[in-house]
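Keep in mind that this is a model prediction, so the values were computed, not measured.
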Amino acid sequence: MNRVYLALVVPVTAIILTAIWLSDTVEPMEALYDHANCKRVLVTDQRYRALRGIEDIALLGDGTLVLSNYNRTLKGAPARGITTVHISELTDDDEGAFTRAVPGLYRTFNSLSPHGIAADRSGARLAFVNRNYEGDDATVSWGVLTPTGYEERGRWDGEGSCRANDVAWRGAELVVSVDRGSCDWSVSDLMPGAATGRVLKLGFGQEEELLDGLAWANGITLVDGSVVVAETRGNRLVNLSTGQTVELPGGPDNINPGPFETQIIALHPNLFDYWLYTMQYSDTAPSRIVAWRPDTGEVATLFDDPFGEVFSGATSAVVWNRTLVAGSAYGDGLLVCTP
């Protein structure tokens with residue numbers, strides 16, 4: 001009976017998923033940055049090992065990028081850790097879209113599996129989610145960057161930390177997004193309409209829940225002192241203070257402060273396509289990056305790649321001196337665009 005059941009279910013499921021994939025195409029959007037002005041830059045560490053899986057980026061005030069890199073598709077992958085590079089070193093050698101950045105200016109702190117990351121503009125304070133996908137658990141670490149490495153000053157591994165996704169500084173406290181509820185595989189977390197994500201506050205050794213019932217809580221940021229979280233499956237942002245939402249043309253991932261009081265957000269225009277990409281069933285996934293102005297509510301498209309031709313599955317982006325830089329949790333290197 002079980003074999004007969006599987007023989008029926010597997011092909012039917014394959015047909016349904018294929019139909020969804022074919023019918024749910026991504027419509028292109030007009031964007032500020034043209035593909036002709038965008039390159040994929042391969043970033044290396046001191047040993048010329050290429051970084052893959054740059055999940056998140058924190059931008060310091062001087063143009064230094066703090067990269068959270070962890071290749072989840074290959075166990076024991078090199079250069080897993082936190083790497084710093086100045087945005088001016090992401091140069092192009094005019095030999096193609098896949099180029100090497102100038103080596104020698106990076107500090108990589110290994111023995112980590114970093115996910116979401118946050119730093120203050122000076123770079124004095126750093127916090128990140130340490131999430132090992134081989135064991136599928138997570139903790140939150142905070143400390144300081146020094147010329148020789150990272151010095152941890154505290155760590156949170158309390159109840160629910162296993163699903164921590166992103167982190168942001170709010171004064172001396174941290175706010176953390178927890179994307180789903182269960183530490184183990186759970187249908188209630190993954191089924192359509194599931195809303196088990198939440199936001200926590202960590203401060204002075206205590207944790208406090210600020211909001212729950214989110215459809216995959218992802219990137220998190222501060223806007224005028226208010227916590228704003230990305231609700232990936234809801235295609236929107238949620239302001240925890242006001243309850244207001246911002247509808248977006250895709251599922252938001254990480255959020256980073258941008259120029260002129262904007263917030264730069266990486267989107268997944270088609271979550272099914274992105275899932276196929278993360279599971280290595282597809283070689284590409286759409287990427288979309290927008291800038292949101294909280295004061296006016298305007299959402300402007302900065303970069304749009306509905307077929308992943310230039311850069312697939314962007315998960316984080318920043319803008320410095322009009323240069324757009326993005327990373328991908330499952331891709332190679334960085335996207336670098338000039339206007």
Separation of [Y] [atom2] from [X] [atom1] (nearest 0.5 Å):
{"X": "Trp320", "Y": "Ile87", "atom1": "CH2", "atom2": "CD1", "result": "6.5 Å"}
{"X": "Asn165", "Y": "Asp253", "atom1": "CG", "atom2": "CG", "result": "7.0 Å"}
{"X": "Thr315", "Y": "Glu55", "atom1": "OG1", "atom2": "CD", "result": "4.5 Å"}
{"X": "Asp305", "Y": "Ser312", "atom1": "CG", "atom2": "OG", "result": "6.5 Å"}
{"X": "Phe311", "Y": "Ser328", "atom1": "CZ", "atom2": "OG", "result": "5.0 Å"}
{"X": "Leu222", "Y": "Gln263", "atom1": "CG", "atom2": "CD", "result": "8.5 Å"}

Donor-acceptor pair, [X] side chain versus [Y] backbone, under 3.5 Å?
{"X": "Thr245", "Y": "Val238", "value": "no"}
{"X": "Asp56", "Y": "Ile117", "value": "yes"}
{"X": "Ser316", "Y": "Ile57", "value": "yes"}
{"X": "Tyr330", "Y": "Gly313", "value": "no"}

Return yes when atom [atom1] of [X] has more than 12 non-hydrogen atoms of other residues, nucleotides or ligands closer than 6.0 Å, and no otherwise.
{"X": "Glu30", "atom1": "CD", "value": "no"}
{"X": "Glu152", "atom1": "CD", "value": "yes"}
{"X": "Gln244", "atom1": "CD", "value": "no"}
{"X": "Asp295", "atom1": "CG", "value": "yes"}

Taking atom types as modelled, is there a side-chain donor on [X] or [Y] under 3.5 Å from an acceptor on the other?
{"X": "Asn321", "Y": "Thr323", "answer": "no"}
{"X": "Asp273", "Y": "Ser282", "answer": "no"}
{"X": "Thr139", "Y": "Asp157", "answer": "no"}
{"X": "Thr83", "Y": "Asn69", "answer": "yes"}

Mind checking whether [X] and [Y] have side chains closer than 4.5 Å, heavy atoms only?
{"X": "Ser68", "Y": "Phe128", "value": "no"}
{"X": "Asp166", "Y": "Val129", "value": "no"}
{"X": "Leu200", "Y": "Glu209", "value": "yes"}
{"X": "Tyr274", "Y": "Asn270", "value": "no"}
{"X": "Leu67", "Y": "Leu334", "value": "yes"}
{"X": "Thr262", "Y": "Glu298", "value": "no"}
{"X": "Thr64", "Y": "His86", "value": "yes"}
{"X": "Tyr70", "Y": "His115", "value": "no"}

Could you tell me which non-hydrogen atom of [X] sits nearest to which non-hydrogen atom of [Y], and how far apart they are?
{"X": "Ala317", "Y": "Leu324", "value": "CB-CD1, 4.2 Å"}
{"X": "Thr232", "Y": "Pro252", "value": "OG1-O, 2.7 Å"}
{"X": "Ala118", "Y": "Ala168", "value": "CB-CA, 3.9 Å"}
{"X": "Val26", "Y": "Pro286", "value": "CG2-CG, 3.9 Å"}
{"X": "Thr284", "Y": "Gly308", "value": "CG2-O, 3.8 Å"}
{"X": "Val290", "Y": "Pro249", "value": "CG1-CG, 4.4 Å"}

State yes or no: do [X] and [Y] share one hydrophobic cluster built from I, L, V, M, F, W and Y residues joined by side-chain heavy-atom distances below 4.5 Å, directly or via other members?
{"X": "Val228", "Y": "Leu267", "value": "yes"}
{"X": "Val199", "Y": "Val223", "value": "no"}
{"X": "Leu65", "Y": "Val41", "value": "yes"}
{"X": "Leu302", "Y": "Val325", "value": "no"}
{"X": "Trp156", "Y": "Trp169", "value": "yes"}

Applying ring-ring contact (aromatic ring centres under 6.0 Å, His included), run through His268 and Trp275 and close with a yes or a no.
CA-CA 10 Å; His268 303 299; Trp275 175 79; over 10 Å; no
Working for side chain to side chain contact (heavy atoms under 4.5 Å, CB included), residues Val178 and Asp212:
CA-CA 9 Å; Val178 179; Asp212 63 359; over 6 Å; no
Evaluate Val66 against Ile82 for side chain to side chain contact (heavy atoms under 4.5 Å, CB included), listing each step before the verdict.
CA-CA 7 Å; Val66 185; Ile82 297 170; 3.6 Å; yes
Name the residue from Arg233, Arg131, Arg163, Arg198 that meets the salt bridge (Lys or Arg N to Asp or Glu O under 4.0 Å) definition with Asp179.
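Going through the options one by one, the only one that passes is Arg131.
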Could you go step by step and tell me if Thr338 and Asn37 meet the side chain to side chain contact (heavy atoms under 4.5 Å, CB included) rule?
CA-CA 6 Å; Thr338 55; Asn37 296 325; 4.1 Å; yes
Go through the steps to decide whether Ile289 and Tyr33 satisfy the test side chain to side chain contact (heavy atoms under 4.5 Å, CB included), and finish with yes or no.
CA-CA 10 Å; Ile289 299 167; Tyr33 291 85; over 6 Å; no
